[in-house]
Number of protein chains: 2
Amino acid sequence: MTTIKESSTIQANKQLAYQECPVTYVMEKIGGYWKPIILFQLLSGPKRYGELKRAVPTITEKVLIQQLKQLEADQLINRKAEPVIPPHVTYSLTKSGKALRDVLWAMANWAAMDSKESGKIFRKNMKDFPG
Amino acid sequence: MTTIKESSTIQANKQLAYQECPVTYVMEKIGGYWKPIILFQLLSGPKRYGELKRAVPTITEKVLIQQLKQLEADQLINRKAEPVIPPHVTYSLTKSGKALRDVLWAMANWAAMDSKESGKIFRKNMKDFPG
DNA sequence: CATGGTACATACTTTAGGGTAAGTACTGGT
DNA sequence: ACCAGTACTTACCCTAAAGTATGTACCATG
């Protein structure tokens, strides 16, 4: 990557940095801890809010909703709400989101390999994870 | 993924969550904004501190060093220091780190595709990025 | 009344991450 | 003196992200 203006105003430059580095581009969209995990869960098909909550038990509702909103804003997922009571909302991957399948599965495969080598074993076979 | 103990002590459960979800496993190691970017830069071979700094111009020295330390602690990179003045330190991917190539390149490919579709164009061809 | 279900919102607090500035130690050049 | 190079460290501050607790609205059941 070429050097751009040396500045200490990092946030200002971040707006342009993604055009210089593809991984930066991806990080802008799915960077952080939770987004890839949520996206991985949606690989196996649309899920309702409660399903996601149970699929990722370590996330708080507040953060889950936040992340879903951001993912929707970035057009990686769709949110479909039925006009019913009780609420009925379904989240699904967009085309762009589905295209992340290779990324997420590369992650999963790396995890399986790395966990095996470090003596930690997954409690399920890779076949059990959403694909 | 199976449901584990419903607890609001998220951090306590995170220690175990990675065993349930491979992507969580990966996020524990490379989650966040900067780590994948740094790892991507090291794909093309060992780099000295200053080279990394120039390769990722939007990162502050403080954060770069922090991230490098974490990556080293997680055994994704090696740090080799020569006993000379001025200092001469080289960072390189471990075997485990190199195994992330598929992940990082899947990201890069997704970025290229997504940027094309959204009308944003990378300033370099994919061939120009570290492989 | 309580509990369960659905999917959130809000207020406040805590934690984590990042930024800025200055510094360390040594060498060499202007 | 200053600046350049090498690779960090530390103190303080600020922002961002996450956590906790409570609430919303509606329906059904014990």
Side-chain angles (χ1 to χ4, degrees), chain A residues 3 6-15 17 24 27-38 42 46-74 77-92, chain B residues 3 6-15 17 24 27-28 30-38 42 46-73 77-92:
Chain A
T3 303
E6 292 281 353
S7 161
S8 55
T9 312
I10 306 295
Q11 301 302 333
N13 286 342
K14 272 189 178 175
Q15 297 299 324
T24 304
M27 287 297 107
E28 289 286 338
K29 297 236 170 171
I30 72 165
Y33 185 81
W34 295 110
K35 282 175 183 160
I37 296 166
I38 293 165
L42 289 171
K47 280 189 166 57
R48 291 180 63 181
Y49 170 80
E51 285 178 282
L52 281 173
K53 198 170 69 167
R54 285 188 294 278
V56 191
T58 49
I59 195 169
T60 63
E61 291 203 280
K62 182 211 170 193
V63 171
L64 176 56
I65 290 156
Q66 251 178 348
Q67 300 291 315
L68 289 169
K69 274 196 169 116
Q70 284 170 28
L71 288 168
E72 193 191 357
D74 279 336
I77 64 171
N78 288 317
R79 177 181 179 275
K80 185 182 172 189
E82 313 283 351
V84 295
I85 294 287
H88 187 290
V89 177
T90 306
Y91 295 93
S92 59
Chain B
T3 304
E6 290 282 356
S7 162
S8 54
T9 312
I10 306 296
Q11 299 302 332
N13 286 341
K14 272 191 178 174
Q15 296 299 323
T24 304
M27 288 297 109
E28 289 286 338
I30 71 166
Y33 184 82
W34 295 109
K35 281 173 185 161
I37 296 166
I38 292 165
L42 288 172
K47 280 189 166 54
R48 294 180 61 181
Y49 170 80
E51 285 179 280
L52 281 173
K53 198 170 65 166
R54 285 188 294 277
V56 192
T58 51
I59 196 169
T60 63
E61 291 204 279
K62 182 208 166 189
V63 170
L64 175 56
I65 291 156
Q66 252 180 336
Q67 300 292 316
L68 287 170
K69 275 199 169 107
Q70 284 171 28
L71 288 168
E72 191 190 0
I77 65 171
N78 288 317
R79 175 180 178 278
K80 184 181 173 189
E82 312 285 346
V84 293
I85 295 289
H88 186 290
V89 177
T90 306
Y91 294 93
S92 59

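Reckoned from all heavy atoms, side chains included, excluding hydrogens, waters and symmetry mates.
Remark: P of D:dT22 and CD of A:E61 are 15 Å apart, rounded to the nearest angstrom. In this structure, B:R48 places its CZ atom 5 Å from P of D:dA7, rounding to the nearest Å. Put simply, NZ on B:K69 is 8 Å from P on D:dT10, counting in whole angstrom units. Across the protein-nucleic acid pair, A:Q70 atom CD and D:dA16 atom P stand 12 Å apart, rounded to whole Å. Atom CE in A:M27 sits about 15 Å away from atom P in C:dG17, given to the nearest Å. The distance from atom CD1 of A:I38 to atom P of D:dA18 is 10 Å, rounded to the nearest whole Å. C:dT6 atom P lies 12 Å from atom CG of A:L52, rounded to whole Å. For A:I65 and D:dG23, the CD1 to P distance is 17 Å, given to the nearest whole Å.
Between A:P86 and B:Q66, the residue anchored nearer the 5' end of DNA chain C, judged by the nucleotide with its closest heavy atom, is A:P86.
In this structure, of D:dA18, D:dC8, C:dG19, it is D:dC8 that holds the atom nearest to the side chain of B:Y91. In the set C:dA25, C:dA7, D:dC26, the nucleotide with an atom closest to the side chain of A:P87 is C:dA7. Among the nucleotides D:dT20, D:dT6, C:dT20, the one closest to any side-chain atom of A:K62 is D:dT20.
Taking side-chain N and O atoms only, A:Y49 has no distance below 4.0 Å to OP1 or OP2 of C:dG5. Taking 4.0 angstrom as the limit, B:R79 places a side-chain polar atom (N or O) nearer than this to OP1 or OP2 of D:dC8. An OP1 or OP2 oxygen of D:dA17 is reached within less than 4.0 angstrom by no side-chain nitrogen or oxygen of A:W34. B:T60 has a side-chain polar atom (N or O) that falls below the 4.0 Å cut-off from OP1 or OP2 of C:dG19.
One finds the CZ atom of B:R79 at 8.0 Å from the NZ atom of B:K69 (value rounded to the nearest 0.5 Å). The CG atom of A:L71 sits 11.5 Å away from the CD atom of A:Q66 when rounded to the nearest 0.5 Å. Distance CD1/A:I59 to OG1/B:T24: 9.5 Å, rounded to 0.5 Å. Summarising the geometry, atom CD1 belonging to B:I37 is positioned 11.0 Å from atom CG belonging to B:L64; distances are rounded to the nearest 0.5 Å.
For the residue pair A:Y49 / A:E61, a side-chain donor-acceptor distance below 3.5 Å is found, with atom types taken as modelled.
B:Q67 comes within contact range of the sugar-phosphate backbone alone, with a heavy-atom separation under 4.0 Å but no base atom that close.
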